[in-house]
Amino acid sequence: GGEQVPWDASSVTGDFYFNPINDQPTVVPQVVTVSPEKFEPSLNARFDEFIVALKRGDNSKAGNLLKSIKKENQYDQFTRFLNSKSAESKYEIGMLYFNGKFVEKNNDQSFQWISKAAHQGHAVSQTTLGYFLEKGIGTSRNTAEAISWYTKAADQNEPVALYNLANAHLTGRNLPK
């Protein structure tokens, strides 16, 4: 019927498609532009290696880099470092927490990172934040706020947001009363 279906992303093309079987979205990391920051040089180098490993799909290398950063008690500094990066970087970290990839699955952390990226105008993050708010992932459910974030992303022609917003209007089930 009028149920909204979750989305998935192709691990090969990155294209989104709708998967009525999967209850949670799986999002493939997007390309992230890396710019030098004024942090410890080895942290810059590790961040660059981490992003390159993610882009290449070298999950083992990316995971080992994060493990070594944690082991050396540089994780807090690495987190601050990531916070200084682009919205896309924040989105990537949020999805790592959401999927439990390289870090322990943590919906609260995922929500926080995705929210930071969404507030910077990153359309995919805005859609994801809307989904989290709609489903109560890492936060309490808030359909009115979910619709607001879907609308912001839809204004940037983000396809999943357009679908979610259209579905909400067609079914009426997600619209605020």
Side-chain angles (χ1 to χ4, degrees), residues 1-34 50-51 54-57 59 62 66 79 82-177:
E3 274 300 304
Q4 180 177 13
V5 294
W7 66 88
D8 254 337
S10 167
S11 62
V12 176
T13 66
D15 294 333
F16 281 97
Y17 60 93
F18 298 100
N19 182 353
I21 298 169
N22 187 0
D23 189 35
Q24 299 293 330
T26 303
V27 181
V28 175
Q30 296 178 349
V31 174
V32 177
T33 303
V34 179
F50 177 72
I51 295 302
L54 282 178
K55 286 181 188 178
R56 290 185 179 158
N59 295 339
L66 276 184
T79 302
L82 293 173
N83 202 34
S84 73
K85 295 295 185 181
S86 67
E88 290 85 1
S89 295
K90 292 176 180 93
Y91 169 78
E92 295 299 335
I93 297 304
M95 292 312 297
L96 291 177
Y97 276 112
F98 179 72
N99 292 313
K101 203 164 205 171
F102 314 124
V103 293
E104 187 173 324
K105 183 173 175 58
N106 185 323
N107 286 340
D108 294 339
Q109 281 291 317
S110 180
F111 179 83
Q112 288 176 21
W113 283 103
I114 297 294
S115 181
K116 288 176 186 182
H119 280 90
Q120 287 184 273
H122 186 249
V124 173
S125 297
Q126 291 172 337
T127 302
T128 305
L129 185 60
Y131 181 81
F132 283 11
L133 287 159
E134 179 184 350
K135 301 296 183 185
I137 298 171
T139 188
S140 55
R141 291 181 118 172
N142 186 332
T143 56
E145 197 173 343
I147 295 296
S148 173
W149 283 107
Y150 287 150
T151 301
K152 289 175 186 182
D155 287 346
Q156 297 180 63
N157 293 317
E158 204 288 310
V160 176
L162 289 164
Y163 172 84
N164 289 347
L165 194 57
N167 190 40
H169 284 287
L170 285 172
T171 64
R173 88 177 160 80
N174 287 330
L175 295 177
K177 304 291 180 208

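One is the number of the first residue; the rest follow in order along the sequence.
- Of the inter-residue distances, the one linking Asn106 atom CG with Trp113 atom CH2 reads 12.0 Å to the nearest 0.5 angstrom.
- Separating the CD1 atom in Ile93 from the CD atom in Glu88 is a distance of 12.5 Å, to the nearest 0.5 Å.
- Applying the side-chain hydrogen bond (donor to acceptor under 3.5 Å, both in side chains) test to Ser125 and every residue at least two apart in sequence or in another chain returns His122.
- With sequence neighbours left out, the side-chain contact (heavy atoms from CB on, under 4.5 Å) criterion links Ser148 to Lys152.
- For the pair Ile147 and Ala168, the tightest heavy-atom approach, listed with the atom from each and the gap, is CD1-CB, 3.6 Å.
- Under a 3.5 Å cut-off, the side chain of Asn167 and the backbone N or O of Tyr163 do not form any donor-acceptor pair.
- Taken from CD1 in Ile137 to CZ in Phe132, the straight-line distance is 5.5 Å, to the nearest 0.5 Å.
- Note that OG1 of Thr127 is 9.0 Å distant from OH of Tyr91, once rounded to the nearest 0.5 Å.
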Quiz prompt | Check against side chain to side chain contact (heavy atoms under 4.5 Å, CB included), Val160 and Tyr131 | solution = CA-CA 10 Å; Val160 176; Tyr131 181 81; over 6 Å; no
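- Residue Ala123 comes nearest to Ala153 through the heavy atom pair O-CB, 3.4 Å, listed as atom of the first residue, atom of the second, then distance.
- Judged by the 6.0 Å and 45° rule, Lys105 forms no cation-pi pair with Tyr97.
- Summarising the geometry, atom OG1 belonging to Thr139 is positioned 5.5 Å from atom CG belonging to Leu133; distances are rounded to the nearest 0.5 Å.
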Quiz prompt | side chain to side chain contact (heavy atoms under 4.5 Å, CB included) between Gln120 and Lys90, worked out | solution = CA-CA 10 Å; Gln120 287 184 273; Lys90 292 176 180 93; 3.0 Å; yes
Self-check item: Verdict with reasoning, Glu134 to Trp149, per side chain to side chain contact (heavy atoms under 4.5 Å, CB included)
Solution: CA-CA 10 Å; Glu134 179 184 350; Trp149 283 107; over 6 Å; no
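- A ring-centre distance under 6.0 Å is not found for Phe111 and Phe98.
- What you find for Ala154 and Leu162 is that their closest heavy atoms are CB-CD2, 3.6 Å.
- Considering only residues two or more places apart in sequence or on other chains, Gln112 meets the side-chain contact (heavy atoms from CB on, under 4.5 Å) condition with Gln109.
- The structure places CG of Asn164 at 8.5 Å from CD of Glu158, a figure rounded to the nearest 0.5 Å.
- Of all heavy-atom pairs between Gly94 and Ser110, the closest is O-OG, 2.7 Å.
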